[in-house]
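First listed ligand is number 1; within each ligand, the first listed atom is number 1.
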Amino acid sequence: MCGIVGAISKNRNILPILITGLKNLEYRGYDSAGVAYLKNNKINIVKTSGKVSKLENKLNKSDESNIGIAHTRWATHGKATSVNAHPHRVNHITIVHNGIIENFKEIKEMLENNNYSFKSSTDTEVGCALLNYYYEKFKDVDKTIKAFMDKVMGSYAITMIIDSDLDNLYVLKKESPLVIGISDNTNIVASDIRAILKYTNKYYILDDFEYAKISSNEVIIKSIKGEILNKELHTLDLKDNDNSKGHYKHYMLKEIMEQKTTILKTVLPFIEEGIDSLMTLPDLTKYKEIFIVGCGTAYHAGLVAKYLFEEVTNTRCSVYLASEYRYQNNFLSKDTLTIFISQSGETADTIAALKLVKSKGYPTLGIINVENSTISYLVDTCLYTKAGSEIAVASTKAYTAQVALLSILVHSHGLRNKTISRDNTIEVIDEFKSIEKLITPLLNDKDTYLSIAKNIYKEEDIFYIGRGLDYYLSMEGALKLKEISYIHSESYAAGELKHGTISLIKKNTPVIASATNSNLNAKTISNLKEVLARGADIYLICDDNYKDDTFTIVNIPRASEFVKPILVIIPYQLIAYYTATLRGTDIDKPKNLAKSVTVE
Ligand code: G6P
């Protein structure tokens, strides 16, 4: 979603830094962009709806500056117009802002009563006016920021330029991420360090209710009380952050292919030395029930874990959508562990659900991909997936890394509660160690996926079905397809079709299924026959060499319950990918979607 970059330098033109930073944040999803920089001793603001390249074209090529701020906005309050785009400026203050000022209406009224008027419909302009109001009142930045933090409810990462103090940038933060990158005579602010890695990998992380004064060669970070803080300087490992597309046309395809290594990389620390390594995972036997919370693909990974916890280790597990979990009776107790799954570690609903559990004092565990992200800090224990940077909005390698890590976690639990034997563990460890060999033929089977894609890409409704684990996997399959191809696709428990959905089946309606559980396959296949009899075209992913000329069949190798989900999902990912290529959609940045959803 929204992205921030800000830079100040003694000897460099910062405009390329701002534009490069914004381009690196594009993948997160946005619909307008803007920049403010010092030009002829005045703040010059250029904004546009649409892409960063459009903004770049609007900039005067010969302009240079040594202080500036920039933003990509994903519309929440007000449409995606250039008026609503950031930066916003009110009298002496210019800001960019990520997050939402929840009490902006009340603040706006107060400011209107104090002769402020507004051009945009954004909460950010109200925040900017509030900063200006306090600055004019106190004539002091520390007091201004404290008063702002005391007054504003909601979330913010703000980068600010004050006209009377052009040797400094100011940043303030609550609940939206913000880092300060350190370079030679140049300091760079960003909502994600990965946006500015070209310039630096050394950075400070701002925590909630902290703010900083940043000049070209100094960073002073303070608490809301105005105390100077001695913060840790972090260094990001560059080798794990390859953001290039390589020879692939889309990041999504590159990321699907990277699963050859990311799955094993994620689980290797826990299987390398066999059972001893597994025992380094947290002991879950002290909990009576496991709760799992996440959004989108992370939620779907949680469902796979639920299946494994319940069916293999006889441990109750409930999975919740983070956006729902906060507003329902959540039955927490000291006997429950809540696991939060998130690729970005910044999803607003997941963070809010986590804060709720923490506020009650109950234990939490995170399965997170992005190191040093908000969730990774908030959870009691954090396990990292090692998927590396995931740029495509539709999650693929992060999902399989989550599933793999959860599988290994469940496995260690099963060993501890004696529902899994040591022999079984050795087999599963071997499977994970040979995961590349297992998945490479599936990843390379382009002809099969493309021929399915050619049959379905003109359709507007596609149904996915499955039973048990296959039902959960079909949910992820349907999500992948709808996200990137814009074809309406839904998944249903195969047995439920007869209770409603079958009425929608007509001649040539595609129905895609997986059947990989020998106890349930016969039932799923009868459900497929039922839709076949009503004219549907059937595509079946299965692992037992099932033969049926009336279906199009994708065979996957046989594997244990722990590895099978990974094998099933690869055809689903690639069917979605090739279908979207035939529809010519913007696969890596689908319309209306954002990679990291930082608003509730
Ligand atoms: C967005 C992304 C999805 C992702 C979901 C949860 O909707 O487009 O790909 O699954 O957020 O994100 P998280 O970072 O918490 O896993």
Name every donor-acceptor pair, under 3.5 Å, that has one atom in a side chain of residues 347-356 and the other anywhere in the protein, sequence neighbours excluded.
unit_1, atom_1, unit_2, atom_2, d
Thr347, OG1, Ser344, OG, 3.4
Lys355, NZ, Glu175, OE2, 3.3

Report task. Mind listing the closest non-hydrogen atom pair of Asn98 and Ser176 along with its distance? Result ->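 Here Asn98 and Ser176 meet closest at O-OG, 3.5 Å.
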
Requested in this report: Over all heavy atoms of both residues, which pair between Ile439 and Ile566 is shortest? Give the atoms and the distance, please.
Outcome: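 Here Ile439 and Ile566 meet closest at CG2-CG2, 4.2 Å.
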
Report task. Could you point out which residue of Lys254, Lys397, Lys595, Arg28 forms a salt bridge (charged side-chain N to carboxylate O under 4.0 Å, His left out) with Glu390? Result ->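 That would be Lys595; it is the only one of Lys254, Lys397, Lys595, Arg28 passing the salt bridge (charged side-chain N to carboxylate O under 4.0 Å, His left out) with Glu390.
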
**Report entry** Partner of Lys482 under salt bridge (charged side-chain N to carboxylate O under 4.0 Å, His left out), chosen from Glu476, Glu460, Glu490
**Finding:**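 Of the listed residues Glu476, Glu460, Glu490, the salt bridge (charged side-chain N to carboxylate O under 4.0 Å, His left out) partner of Lys482 is Glu490.
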
Query raised in the report: Regarding Asp283 and His413, is there a side-chain donor-to-acceptor distance under 3.5 Å anywhere?
Result: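 No.
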
List, for ligand 1, each N/O atom that has a protein N/O partner under 3.5 Å away, with both atom names and the distance.
unit_1, atom_1, unit_2, atom_2, d
ligand 1, 8 (O), Ala594, O, 2.9
ligand 1, 9 (O), Val393, O, 3.1
ligand 1, 10 (O), Thr297, N, 3.0
ligand 1, 12 (O), Thr347, OG1, 3.3
ligand 1, 14 (O), Ser342, OG, 3.4
ligand 1, 14 (O), Gln343, N, 3.4
ligand 1, 14 (O), Ser344, N, 2.8
ligand 1, 14 (O), Ser344, OG, 2.6
ligand 1, 14 (O), Thr347, OG1, 3.3
ligand 1, 15 (O), Ser342, OG, 2.6
ligand 1, 15 (O), Thr347, OG1, 2.4
ligand 1, 16 (O), Gln343, N, 2.7

